J.: 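The following block contains the structure, expressed as structure tokens.
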2 protein chains.
Amino acid sequence: MTSVPEMRPFAESLPMALLQAREVAMRYFRPLLAEHDLTEQQWRVLRALTSADDALDAGELAARTLLLAPSLSRILAHLDERGFVTRTIDPTDQRRTLVELSPLGAKQVAQIAPESERLYAEIEAVFGDGELHALLESLHQFARKADPDPS
Amino acid sequence: MTSVPEMRPFAESLPMALLQAREVAMRYFRPLLAEHDLTEQQWRVLRALTSADDALDAGELAARTLLLAPSLSRILAHLDERGFVTRTIDPTDQRRTLVELSPLGAKQVAQIAPESERLYAEIEAVFGDGELHALLESLHQFARKADPDPS
DNA sequence: TATTGTTATACTCTATAACTATA
DNA sequence: TATAGTTATAGAGTATAACAATA
């Protein structure tokens with residue numbers, strides 16, 4: 001009989017709590033993304049480009065979307081096929097790829113955004129506006145302070 | 001020119017904040033799991049079984065680990081191959097599979113647990129004990145209050 | 001008939017390494 | 001030589017459906 005040393009109860013561990021919370025949050029948005037044939041990761045890329053407002057190079061986009069470069073490459077190929085993004089070589093450094101939202105991509109985001117915001121407001125209403133903002137603040141602080149390898 | 005309606009800044013959205021925080025937390029544990037040839041999901045299963053203390057049926061285990069049944073089935077097959085878990089048919093309901101940590105599985109968890117707890121303590125130290133517990137409480141409350149489809 | 005779990009299938013992401021082109 | 005990005009490859013998870021066995 002091997003006795004297992006003291007460990008935090010599984011369900012109360014931080015990684016599980018974060019996963020569970022993310023799962024709950026994503027349950028609001030998944031049907032919407034599915035309607036528009038977008039994976040969560042594809043939507044992350046479109047959102048990041050929308051927020052950026054002008055072109056981002058692939059490295060910066062990977063960092064902002066928390067995707068690995070090879071994953072991003074394939075996702076961009078798909079989004080490019082569907083006409084949602086354009087990729088151009090950076091004239092000042094030809095190793096870099098500049099990624100931009102195409103007009104069609106912007107239209108796609110514009111179609112999804114209102115419903116997405118409605119769902120977000122629903123979360124705010126159910127959880128409480130103040131609580132949600134406190135949670136967000138705490139999450140951002142955690143990311144800032146606890147990152148063992150801040151890039 | 002398609003104008004995109006008002007949306008929350010991408011980096012400040014709850015799903016991204018949760019993902020980012022989880023990424024930061026997991027950076028502490030990934031090297032340890034890799035050392036022991038365990039994926040995050042396999043470790044979740046072993047941890048859940050350790051916490052449960054006695055056998056769980058596959059459905060309950062899937063719920064606790066936030067894994068889909070087909071994913072869990074394959075993961076259990078792998079853990080079974082490595083001798084970390086045992087699967088037996090529930091005598092009181094032969095449709096059910098009861099999953100238990102084997103002695104070898106318990107030994108594996110026991111080997112990893114001290115280092116895992118050390119890393120957890122490191123997170124506590126860096127982020128702050130009080131802040132961490134407040135964050136956990138907020139995450140649990142969110143999961144309870146915001147779940148659109150509580151099982 | 002409904003439920004439990006597994007298997008089948010297709011798709012996607014992860015992760016590492018190798019490769020190409022450019023700096 | 002180092003960097004940026006893509007491609008190659010292997011492994012794994014996601015998601016839906018179909019299936020077998022049991023209740």
Side-chain angles (χ1 to χ4, degrees), chain A residues 15 19 22-23 26-27 29-46 55-82 85-100 149 151, chain B residues 15 19 22-23 26-27 29-46 55-82 85-100 149 151:
Chain A
L19 190 60
R22 182 152 209 282
E23 185 56 32
M26 288 312 298
R27 262 176 220 157
F29 299 103
R30 285 214 185 95
L32 176 61
L33 296 184
E35 256 178 55
H36 293 272
D37 267 307
L38 290 171
T39 65
E40 293 174 28
Q41 289 82 354
Q42 288 169 342
W43 178 238
R44 290 221 296 274
V45 170
L46 295 181
L56 293 175
D57 65 69
E60 183 57 32
L61 190 52
R64 294 195 189 186
T65 54
L66 302 178
L67 290 166
L68 294 184
S71 297
L72 179 59
S73 270
R74 204 177 326 177
I75 291 167
L76 287 177
H78 290 155
L79 292 175
D80 198 344
E81 271 173 39
R82 291 173 69 179
V85 303
T86 58
R87 285 182 289 180
T88 56
I89 292 170
D90 184 341
T92 71
D93 181 346
Q94 300 197 47
R95 293 172 306 179
R96 289 187 144 83
T97 305
L98 294 175
V99 186
E100 225 170 347
D149 171 34
S151 40
Chain B
L19 190 60
R22 183 152 209 282
E23 184 57 31
M26 288 313 297
R27 263 176 219 157
F29 299 103
R30 283 211 187 96
L32 176 61
L33 297 184
E35 256 176 55
H36 294 272
D37 268 308
L38 289 170
T39 65
E40 291 174 29
Q41 289 82 354
Q42 290 169 341
W43 179 238
R44 292 219 294 273
V45 170
L46 295 181
L56 293 175
D57 65 68
E60 182 57 31
L61 190 52
R64 295 195 189 186
T65 54
L66 302 178
L67 290 165
L68 294 184
S71 297
L72 180 60
S73 271
R74 206 180 324 179
I75 291 167
L76 287 178
H78 290 155
L79 291 175
D80 199 343
E81 271 173 37
R82 291 173 68 179
V85 303
T86 59
R87 286 182 288 180
T88 56
I89 292 170
D90 184 342
T92 71
D93 181 346
Q94 301 197 48
R95 293 172 305 178
R96 289 186 145 82
T97 304
L98 294 176
V99 186
E100 225 171 347
D149 171 35
S151 37

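Numbers restart at 1 for each chain; the letters A, B, ... are given by sequence-line order, proteins then strands. Since we're looking at a predicted model, the values are computed, not measured.
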J.: Give the rounded distance in Å between these two atoms: CD of B/Gln94 and C1' of D/dT22.
T.: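 To the nearest whole Å, that distance equals 7 Å.
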
J.: Which residue lies toward the 5' end of DNA chain C, B/Ser73 or A/Arg44, if each is placed at its nearest nucleotide?
T.: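 In this pair, the answer is B/Ser73.
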
J.: Find which nucleotide of DNA chain C each of A/Asp90 and A/Pro70 is nearest to by heavy atoms, and output the residue with the more 5' nucleotide.
T.: A/Pro70

J.: In whole Å, what is the span from the CG atom of A/Leu79 to the P atom of D/dT6?
T.: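 The distance from CG of A/Leu79 to P of D/dT6 comes to 13 Å, rounded to the nearest Å.
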
J.: Can you tell me if B/Arg22 uses its side chain to pair, donor with acceptor, with the backbone of A/Pro15 under 3.5 Å?
T.: yes

J.: Whether the side chain of B/Glu60 engages the backbone of B/Asp57 through a donor-acceptor N/O pair (distance < 3.5 Å, no angle test) should be reported.
T.: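 Here the side-chain-to-backbone pair does not exist.
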
J.: Do A/Arg44 and A/Glu40 meet the salt-bridge criterion of a basic N to acidic O distance under 4.0 Å?
T.: no

J.: Rounding to an integer number of Å, can you tell me how far A/Leu56 CG sits from D/dA4 P?
T.: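 Distance, rounded to whole Å: 15 Å.
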
J.: Using atom CD1 of B/Ile75 as one end and atom P of D/dG11 as the other, report the distance to the nearest whole Å.
T.: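 To the nearest whole Å, that distance equals 16 Å.
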
J.: Below 4.0 angstrom from OP1 or OP2 of C/dC11, is there any side-chain N or O of A/Thr39?
T.: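 Checking C/dC11 against A/Thr39, no side-chain N or O comes under 4.0 Å of OP1 or OP2.
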
J.: How would you label the contact of B/Leu67 with the nucleic acid (heavy atoms, under 4.0 Å): base, sugar-phosphate, or nothing?
T.: sugar-phosphate

J.: Whole-Å distance between D/dG13 C1' and A/Gln41 CD?
T.: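 So the CD-C1' distance, A/Gln41 to D/dG13, works out to 11 Å.
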
J.: Is the distance from OP1 or OP2 of D/dA15 to the nearest side-chain N or O of A/Arg30 less than 4.0 Å?
T.: yes

J.: Does B/Ser71 reach a base, just sugar-phosphate, or nothing at all? Heavy atoms under 4.0 Å.
T.: base

J.: Roughly how many Å is it from CG in A/Asp37 to C1' in C/dA10, rounded to a whole number?
T.: 14 Å

J.: State, with a plain yes or no, whether a side-chain heavy atom of A/Val85 is found less than 4.5 Å away from one of A/Leu46.
T.: yes

J.: Contact class for A/Ala69 (heavy atom, under 4.0 Å): base, sugar-phosphate, or nothing?
T.: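 Base contact.
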
J.: Report the residue (B/His78 or A/Asp57) whose heavy-atom-nearest nucleotide on DNA chain D is the more 5′ of the two.
T.: A/Asp57

J.: Tell me the interatomic distance from A/Met26, atom CE, to D/dT14, atom P, rounded to whole angstroms.
T.: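 Whole-Å distance recorded here is 13 Å.
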
J.: Write down the distance between CG (A/Leu68) and P (C/dT16), rounded to a whole number of angstrom.
T.: 8 Å

J.: Is any side-chain heavy atom of B/Asp37 closer than 4.5 Å to a side-chain heavy atom of B/Arg82?
T.: yes

J.: Kindly say whether, by distance alone, the side chain of A/Arg95 makes a donor-acceptor pair under 3.5 Å with the base of D/dT3?
T.: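 Indeed, a donor on one side and an acceptor on the other fall under 3.5 Å apart.
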
